Each structure stands twice: as structure tokens, then as C-alpha cells.
Amino acid sequence: AALPLCLGDLPELEKLDVSLNPTLATPPQVVVEAGTAAILRFLRQLKQGIAEASHRVKVSLLGKAESGKTSLLQRMKGERGGDPGRTTRLEIHDHHFEPKLSSHPELRLHMYDFGGQEVYSSTHRLFLTPDSIVVLVVNLHEVEMKYRNGKAESAEVYCRKYVADWIRSVCSQHPSDRAPVFAVVGTHADKLSEAELERAVKAVQQCLRKNEEREKEQGEIEQMNAEL
């Protein structure tokens, strides 16, 4: 959704509140938060061709150490190679995607590849920002290994720690209406048979469903408390 540019031609407009419109893309959220004057100035500049819509996307890759984050990043960039090595702390990569149609803008990705060692997890929140995409990488081979040990509950604990806890940790740092978009990607599928892969994927899906139900219940409780 976008505000009509003609609103910028209303200099006497003193109050314009669009904060409750979650689908609004133009002007961007950072302009909306700056207030009415900033919104009107943005619309005027956009109409005059001074302001341009941003086609930059921030993508953060999170997950356990050696889950395949850097290999996934290389494939996203169209690269193929050998062992990418282990990421320590944080690596930032920029990549441009050429549009398939001349009428489409170029898409620019700013990709943050976070080290998965637990010692670095406390610093991740300094770089995770709202209005971004978080790619949560899960090693499906490790999930299946928990089943091979004959303990389904071990797979559940693994998924809760490296899937649900990651999601809750990131979302807790941002308002619900500005939480990042999550994409869960399973890796190391080539090490599994078809049946093993199906079992590992179902374990992750079940974890996501339980986390969604838990978040929904928590939201209902908070709403009830607010109404008391």
C-alpha cells in the first residue's frame, strides 16, 4: 500500500497518523515514525523525483555453527566452490540481482552471515534490525541423528533450541508489528534418505507450529491483562 503523492501538496495538514496500517510500504516505516512533516516532505520529494523508493533488503543468516549458512549465502550469490570455512563473529556481503524485466528495479541484498558459535550469540542483537529478513538455517542431518539414537524427544529439544528459541530471541527485541520476516531453510539434506529427510522436516515443522501456538497464547494473555 502507498499514500497518494497529492497529500504532499497539503501544507496545512497538521496531523497524519498511518501507524496502524501494517501494509503501508510508501512511505517507509522510518519516515512514518518521524512524523507528519517528514511524511509530507517525503511525498513531495517523491513526486518531484528527488526521493526514490529503496530496493535494498537486509538479509541475516542465523543458525547453529556449521549448519551451512555460508554455503547457502554462496549459492544465493550464484557462487559454487569448495569448503567455505567457518564464519567467526560476522561477515557482511553485498550482492545485486539484475532484474529479469527492464521495467523492474535492481534488487540489492545486504547479507549478514553470523557466526553460529554460542559465544557470539549475545552480540547478534546489535545487528538484527526490524523490517529485515532473517534466514534461519537448520542442519536436518543433525535433527535426524537425534532420531537415530532412538530418542524422539532429543530431536524435539534440538529443534526447540535451534529453531524456536532463535525465533523468540529475535522477535523479543522488536515490536510485534515490525518483527523481521523469517524463512527457515533446511540443509545437509543430501546426507539423508527420503524417509529420513521427511522425518527431520516434520520435526522442524512441528516445532514451528508449537512455537506459533505458544506465541498466540502469550499474546492473548497479554491482551487480557491489558484489558483488566
Side-chain angles (χ1 to χ4, degrees), residues 57-93 95 97 107 109-121 124-125 127-129 131-174 179-216:
V57 179
K58 181 178 180 179
V59 180
S60 300
L61 287 88
L62 297 177
K64 186 175 179 288
E66 299 184 87
S67 60
K69 298 184 296 296
T70 303
S71 296
L72 176 62
L73 183 147
Q74 289 180 336
R75 296 304 298 270
M76 291 172 65
K77 294 169 62 177
E79 300 175 356
R80 296 188 180 185
D83 185 0
R86 179 179 295 186
T87 301
T88 58
R89 300 183 183 177
L90 171 66
E91 293 182 3
I92 302 176
H93 304 259
H95 186 66
F97 284 96
L107 178 63
L109 293 187
H110 300 291
M111 297 181 284
Y112 287 64
D113 183 9
F114 290 88
Q117 294 80 6
E118 292 191 16
V119 67
Y120 301 131
S121 60
H124 291 171
R125 66 186 62 191
F127 303 93
L128 293 171
T129 56
D131 303 328
S132 63
I133 298 175
V134 175
V135 178
L136 186 55
V137 182
V138 183
N139 187 333
L140 296 177
H141 181 253
E142 289 191 355
V143 176
E144 172 57 24
M145 288 299 294
K146 302 299 180 181
Y147 278 112
R148 291 183 187 180
N149 294 333
K151 296 181 178 179
E153 62 272 16
S154 297
E156 183 178 351
V157 171
Y158 180 94
C159 291
R160 186 165 61 245
K161 181 176 181 179
Y162 295 111
V163 179
D165 287 356
W166 271 107
I167 293 175
R168 285 198 297 272
S169 175
V170 173
C171 290
S172 66
Q173 302 170 41
H174 308 291
V181 176
F182 278 88
V184 180
V185 177
T187 58
H188 298 274
D190 57 315
K191 299 179 181 179
L192 303 175
S193 67
E194 185 175 341
E196 292 171 338
L197 177 59
E198 182 178 358
R199 183 164 63 173
V201 169
K202 284 185 177 180
V204 175
Q205 291 175 333
Q206 184 179 17
C207 176
L208 291 171
R209 283 194 297 269
K210 288 184 177 181
N211 184 67
E212 184 178 2
E213 292 171 357
R214 188 181 300 110
E215 291 297 321
K216 183 178 179 180

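When a residue number appears, it is its place in the shown sequence, counting from 1. All values reported here derive from a predicted model rather than from experimental measurement. Values below: all heavy atoms of this structure, side chains included; hydrogens, waters and symmetry mates excluded.
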Between Asn139 and Thr187, a side-chain donor and acceptor under 3.5 Å: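 Not at all, the side chains of Asn139 and Thr187 share no donor-acceptor pair under 3.5 Å.
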
Are [X] and [Y] close enough that some pair of their side-chain heavy atoms sits under 4.5 Å apart?
| X | Y | value |
| --- | --- | --- |
| Val135 | Val59 | yes |
| Met76 | His95 | no |
| Val204 | Val184 | yes |
| Val170 | Phe182 | yes |
| Glu215 | Arg168 | yes |
| Val185 | Val138 | no |
| Trp166 | Arg160 | no |
| Val201 | Leu140 | yes |

Roughly how far apart are [X] [atom1] and [Y] [atom2], rounded to 0.5 Å?
| X | Y | atom1 | atom2 | answer |
| --- | --- | --- | --- | --- |
| Cys207 | Ile167 | SG | CD1 | 7.0 Å |
| Met111 | Leu61 | CE | CG | 8.0 Å |
| Ser71 | Leu73 | OG | CG | 9.5 Å |
| Cys159 | Asn211 | SG | CG | 11.5 Å |
| Thr70 | His93 | OG1 | NE2 | 6.5 Å |
| Tyr158 | Glu144 | OH | CD | 12.0 Å |

Steps toward side chain to side chain contact (heavy atoms under 4.5 Å, CB included) verdict (Val134, Val181): CA-CA 6 Å; Val134 175; Val181 176; over 6 Å; no

Shortest non-hydrogen contact between Gly63 and Lys69, atoms and distance: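 In this case the closest contact between Gly63 and Lys69 is O-NZ, 3.3 Å.
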
Contacts under 3.5 angstrom, residues 189-198 side chains, donor-acceptor by atom type, not counting sequence neighbours:
residue, atom, partner, partner atom, Å
Lys191, NZ, His188, ND1, 3.4
Ser193, OG, Glu196, N, 3.2
Ser193, OG, Glu196, OE1, 3.4
Glu196, OE1, Arg148, NH2, 3.2
Glu196, OE1, Ser193, N, 2.9
Glu196, OE2, Arg148, NH2, 3.2
Glu198, OE2, Lys202, NZ, 3.3

Ion pair Lys146/Glu156, N-O distance below 4.0 Å: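 Salt bridge between Lys146 and Glu156, a charged N being under 4.0 Å from a carboxylate O: no.
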
Partner set under ring-ring contact (aromatic ring centres under 6.0 Å, His included) for Tyr112, not counting sequence neighbours: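 By the ring-ring contact (aromatic ring centres under 6.0 Å, His included) rule, Tyr112 matches no residue at all.
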
